[in-house]
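Here is the structure we will look at.
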Protein chains: 2
Amino acid sequence: MGRTPPHPEVSQFDLQQVLEALVDPVRRSIVTQLDAAAEDVKCGAFDMPVSKSTATHHFKTLREAGLIRQYYVGTSRMNALRRAEMDEAFPGLLDALTTRQARGGLAGHTG
Amino acid sequence: MGRTPPHPEVSQFDLQQVLEALVDPVRRSIVTQLDAAAEDVKCGAFDMPVSKSTATHHFKTLREAGLIRQYYVGTSRMNALRRAEMDEAFPGLLDALTTRQARGGLAGHTG
DNA sequence: CATCAAGTTTGACAGCGGTCGTACTTCCGC
DNA sequence: GCGGAAGTACGACCGCTGTCAAACTTGATG
């Protein structure tokens, strides 16, 4: 397998593709966790209710949409949120989705 | 048929449902046209590449997600974007999707 | 080299959702 | 009341996508 998988440039970002990536709850959770982490996270470290192969599929979808950047460290694949680039392409979009309202509904206002 | 179809309240808005509504290009186009119109628009007045029954389906999806408000005027069904309420529930979301970047890609900056 | 850990790839499957056509309802105008 | 216009409801179809298991690749460790 290639060490560095293909990543789109900002100019190639496509809203349709980004939304299709973000509409899945599992993938949106990945983005949220990544946003909260402020540190690159390896695939295995995410809280996800799916099998490894499904997880791989989700990471690929996010990567191809431009939402995350992936690189290997040993056998671990690290994931970084491409925040700044997304903000450049679609200002406010990630902000709108990482808000507390967006994450947990309107019920809780803890923390 | 009921004259006033059911509309969710702001407190019932669900991000998942809203995103599922907005991920469809036809529906996003409806929202965009509605946002640009600044006037209520009847169903038949939209530019849509689908049949009437499919259009009905899309309007229903948007309505149930809370994105639009619908009411009858004669035999015509009028549609209004629930901008303020959406902004209240998910600040910045509609803004992010009605931007010129969001609408047409990065190429054009006309009008 | 042997072994294990971390992901990937492939193939298959199931369910959801966008699509249409047809039949139906409702309202307007004559 | 009649006919047409505007949507809706229903049923069917089909493709897409999220899911998994199993086999594989790659790298670290001893």
Side-chain angles (χ1 to χ4, degrees), chain A residues 1-7 14-34 37 39-65 67-80, chain B residues 1-7 14-34 37 39-65 67-80:
Chain A
M1 77 185 80
R3 195 125 70 302
T4 308
H7 289 79
D14 175 47
L15 178 64
Q16 185 59 36
Q17 199 176 351
V18 170
L19 287 179
E20 283 169 4
L22 290 172
V23 78
D24 185 280
V26 175
R27 287 193 290 262
R28 206 160 60 252
S29 168
I30 293 175
V31 169
T32 299
Q33 291 178 52
L34 225 33
E39 276 274 349
D40 298 1
V41 182
K42 54 183 249 183
C43 290
F46 287 89
D47 182 21
M48 284 201 278
V50 295
S51 68
K52 283 207 295 180
S53 49
T54 299
T56 296
H57 165 65
H58 286 313
F59 284 117
K60 181 182 179 187
T61 301
L62 288 170
R63 187 189 66 233
E64 291 180 345
L67 280 157
I68 64 174
R69 188 173 298 278
Q70 295 190 295
Y71 58 96
Y72 277 99
V73 172
T75 96
S76 293
R77 196 164 218 177
M78 303 302 295
N79 301 274
Chain B
M1 73 187 80
R3 194 122 73 303
T4 308
H7 290 80
D14 174 47
L15 178 64
Q16 185 59 36
Q17 199 176 351
V18 171
L19 287 179
E20 283 170 3
L22 289 172
V23 77
D24 185 280
V26 174
R27 286 194 290 263
R28 205 160 62 252
S29 168
I30 292 175
V31 169
T32 299
Q33 291 178 51
L34 225 32
E39 276 276 349
D40 298 1
V41 182
K42 53 184 249 183
C43 290
F46 286 89
D47 183 20
M48 284 200 279
V50 296
S51 70
K52 283 206 296 181
S53 50
T54 300
T56 295
H57 166 65
H58 285 313
F59 285 116
K60 182 182 180 187
T61 302
L62 287 170
R63 186 188 68 233
E64 291 180 347
L67 281 157
I68 63 173
R69 188 173 297 279
Q70 294 191 297
Y71 59 96
Y72 277 99
V73 172
T75 96
S76 293
R77 195 163 221 177
M78 304 301 297
N79 302 274

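Chain identifiers are assigned alphabetically (A, B, ...) following the order of the sequence lines, protein sequences preceding nucleic acid strands; residue numbering begins at 1 within each chain.
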So, using side-chain hydrogen bond (donor to acceptor under 3.5 Å, both in side chains) as the criterion, who are the partners of B:H57 when residues are at least two apart? none
Which whole-number value in Å describes the distance from B:E64 CD to C:dC16 C1'? 15 Å
Distances under 3.5 Å between protein N/O atoms and the N/O atoms of nucleotides 20-23 of chain C, please, pair by pair.
residue, atom, partner, partner atom, Å
C:dC20, OP2, B:S51, N, 2.8
C:dC20, OP2, B:S51, OG, 3.2
C:dC20, OP2, B:T54, OG1, 3.0
C:dG21, N7, B:S53, OG, 3.3
C:dG21, O6, B:S53, OG, 2.8

Rounded to whole Å, the CZ-P distance (B:F59 to D:dG7) equals 8 Å
From CD of A:Q70 over to P of C:dA6, roughly how many Å is that when rounded to an integer? 16 Å
Would you say the side-chain atoms of B:R27 pair up with the backbone N or O of B:E20, donor to acceptor, closer than 3.5 Å? yes
Could you state the CD-C1' distance from A:E20 to C:dC16, rounded to the nearest angstrom? 15 Å
Do B:H7 and B:Q70 come close enough that some side-chain heavy atom pair is under 4.5 Å? yes
Could you go through the side-chain contact (heavy atoms from CB on, under 4.5 Å) check for A:Q16 and B:V23 one step at a time? CA-CA 7 Å; A:Q16 185 59 36; B:V23 77; 4.3 Å; yes
Whole-Å gap separating C1' (C:dT26) and CE (B:M78): 17 Å
Sequence-distant partners of B:R28, salt bridge (Lys or Arg N to Asp or Glu O under 4.0 Å), two or more places apart: none
Round to the nearest Å and state the distance from A:Q17 atom CD to D:dC16 atom P. 15 Å
Considering residues at least two apart in sequence or located in another chain, which fulfil the side-chain hydrogen bond (donor to acceptor under 3.5 Å, both in side chains) criterion with B:T56? none
Nearest whole angstrom, please: distance from the C1' of D:dT17 to the CG of A:L62. 14 Å
Give every donor-acceptor pair under 3.5 Å between a side-chain atom in residues 40-47 of chain B and any protein atom, sequence neighbours left out.
residue, atom, partner, partner atom, Å
B:D40, OD2, B:Y71, OH, 2.4

CG on B:L22 to CG on B:L67, rounded to 0.5 Å: 5.0 Å
Roughly how far, to the nearest 0.5 Å, is CG of B:D24 from NE2 of B:H58? 4.5 Å
Closer to the 5' end of DNA chain D via nearest nucleotide, is it A:H58 or B:K60? B:K60
Strictly under 3.5 Å: I want the nitrogen or oxygen pairs between protein and nucleotides 28-30 of chain D, one per line.
none

I need the OH-P distance between A:Y71 and C:dA6, as an integer number of Å. 17 Å
Over all strands shown, is A:H57 touching base, sugar-phosphate only, or nothing at heavy-atom distances under 4.0 angstrom? base
Under 4.0 Å, counting only non-hydrogen atoms across every strand here, what does B:T56 touch: a base, just sugar-phosphate, or nothing? base
